[in-house]
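Just so you know, these numbers use all the heavy atoms, side chains as well, and skip hydrogens, waters and symmetry mates. Chain letters run A, B, ... following the sequence lines, proteins first, then strands; residues in each count from 1. Remember, predicted model here, so these are calculated numbers, not experimental data.
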2 protein chains.
Amino acid sequence: MPRVSDMKNRLTDAALDLMWENSYGTTSVDAICERAGAKKGSFYYFFKSKSELTAAALEAEWNKNKANMDALFSPTVPPLERFDRYFDYVHDRLAERQKTCGSILGCPILSIGSEVSTQDQGVRVTVDRIWDRKIKYFESAIRDAHAQGLIVAPDPEAKARALFACYHGTLAQARIQNDVELLRDFKQVAMDVLGVKHTQAVSS
Amino acid sequence: MPRVSDMKNRLTDAALDLMWENSYGTTSVDAICERAGAKKGSFYYFFKSKSELTAAALEAEWNKNKANMDALFSPTVPPLERFDRYFDYVHDRLAERQKTCGSILGCPILSIGSEVSTQDQGVRVTVDRIWDRKIKYFESAIRDAHAQGLIVAPDPEAKARALFACYHGTLAQARIQNDVELLRDFKQVAMDVLGVKHTQAVSS
DNA sequence: ATAATAGTTGACCGATCAGTCAAGGCGAAT
DNA sequence: ATTCGCCTTGACTGATCGGTCAACTATTAT
């Protein structure tokens, strides 16, 4: 067997990075190659098109984040607390990234998905698939919360989709307005959407 | 005085149309000109860049829709009913458009805004401004609903922003999944976000 | 050591990109 | 009817786009 290369990962990393910070359309294959330290020929050795690279980059991002998601939404954590931890995690990650690039970047799945959905079915289907996987974490937490009588959610799947959409709307707004504080306010909105019985703030 | 031309409007109409259906990045100046029946030189007679045209197109779209919004959110309509009518209106408009282009297009403000926000401050600021204007309709309806004891919303502006973000998240999801039914389900979510009292009593 | 193969390179392609410009056409006020 | 100036035209630019290709390198199993 000949040599092995990490170039494929470098390319997907560079692609997602650039597309997240800018957009799919303004991220050229040349720019991806430059950041990955690759030449154009190498790019097209691994991927047959920019579209295919994008789908691979989104899947790679999912794989890198899956363990984190599993931990955040661990069944050992009280169901409603899972959301709190997840929202905190995303907030912190976006705030951290803002320090280096100056912008709140929102969710790459939504940004890229919204941009290409009417034109690139390959990427669209990939976005859809990852979207569904992430919703499963919400769904499971909602079902557990319902079982414990914390909320009333006879249709956990629908409730999960709704909450996920609301959250992503807030992420998109945070990106457009470049304001991370919008994410802080979402926790209360999430409780409203989930139908958590209103609780007065308890000093901790 | 020499002749007058409707070319400027034709160009903004064509631009918004193409960017809504596809994206900002994939909408070329050439394509805009072709749809508007203009030559490149005319385009740059009216606008000094694609970016400036986009900002103008968004403002023009707002101006065309303002009367509709005023009617939908008329103070003569019961406050919570205003939302119902607005959501129906958007749903019907998107469903109608789907017949001709095959896709649920979501909200152009969000799509374009999300796409260019980190790269084009001119368009970003325009998106921001229109976003704020639209939120005012929500805010006013929420304040009226609060005054009538239909909901509890001590901070109507924050509630309006939250609901607007949630709705746009749903619009984005509908675009990505090309599914108009997601918008139908939003009405109940909106009631949850607004904190409308229904069968489920809310503890004080 | 060498052969087989995974990976790399850089030159190249036609198309399209946003944007420019000088010149001319054409409507309205005089 | 002339003139003023809004608007249109079409040919043009240099850069960049996504993508191709044949030749080359480097690694590793044998």
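- Checked against ring-ring contact (aromatic ring centres under 6.0 Å, His included), B:F46 has no partners two or more places apart in sequence or in another chain.
- Taking atom CG on A:D6 and atom P on C:dG7, their separation rounds to 10 Å, with Å as the unit.
- In this view, A:R97 and A:D17, A:W20, A:E21, A:T100, A:C101, A:L105 satisfy the side chain to side chain contact (heavy atoms under 4.5 Å, CB included) rule, not counting sequence neighbours.
- A search for side chain to side chain contact (heavy atoms under 4.5 Å, CB included) contacts involving B:D120 returns B:Y24, B:S51, B:V116, B:V123, not counting sequence neighbours.
- Here A:K136 pairs with nothing under the side chain to side chain donor-acceptor pair (under 3.5 Å) rule; sequence neighbours left out.
- For B:R161, the side chain to side chain donor-acceptor pair (under 3.5 Å) partners are A:Q177, B:D132, B:E157, not counting sequence neighbours.
- A:V125 pairs by the side chain to side chain contact (heavy atoms under 4.5 Å, CB included) definition with A:R129, not counting sequence neighbours.
- The list of salt bridge (Lys or Arg N to Asp or Glu O under 4.0 Å) pairs with a residue in residues 78-88 of chain A, not counting sequence neighbours, reads A:E81-A:R85, A:R82-A:D144, A:D88-A:R184, A:D88-A:K187.
- Near-neighbour residues of DNA chain D inside residues 9-22 of chain A, defined by a heavy atom below 4.0 Å, are absent.
- For B:K64, the side chain to side chain contact (heavy atoms under 4.5 Å, CB included) test picks out B:D13, B:E61, with sequence neighbours left out.
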Going 5' to 3' along nucleotides 10-23 of chain D, which nucleotides have protein heavy atoms under 4.0 Å from the base (write B), which only from the sugar-phosphate (write S), and which from neither (write -)?
-> B------SBBBB--
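- Remark on the helix from C:dA1-D:dT30 to C:dG24-D:dC7: inter-end axis angle 20°, axes from five-pair C1' superpositions, rounded to 10°.
- A donor-acceptor contact under 3.5 angstrom links the side chains of A:T26 and B:Q119, judged on distance only.
- When the side-chain nitrogen and oxygen atoms of B:Y45 are compared with OP1 and OP2 of D:dT8, none of them lie within a distance under 4.0 Å.
- For B:K66, the side chain to side chain donor-acceptor pair (under 3.5 Å) test picks out B:D70, with sequence neighbours left out.
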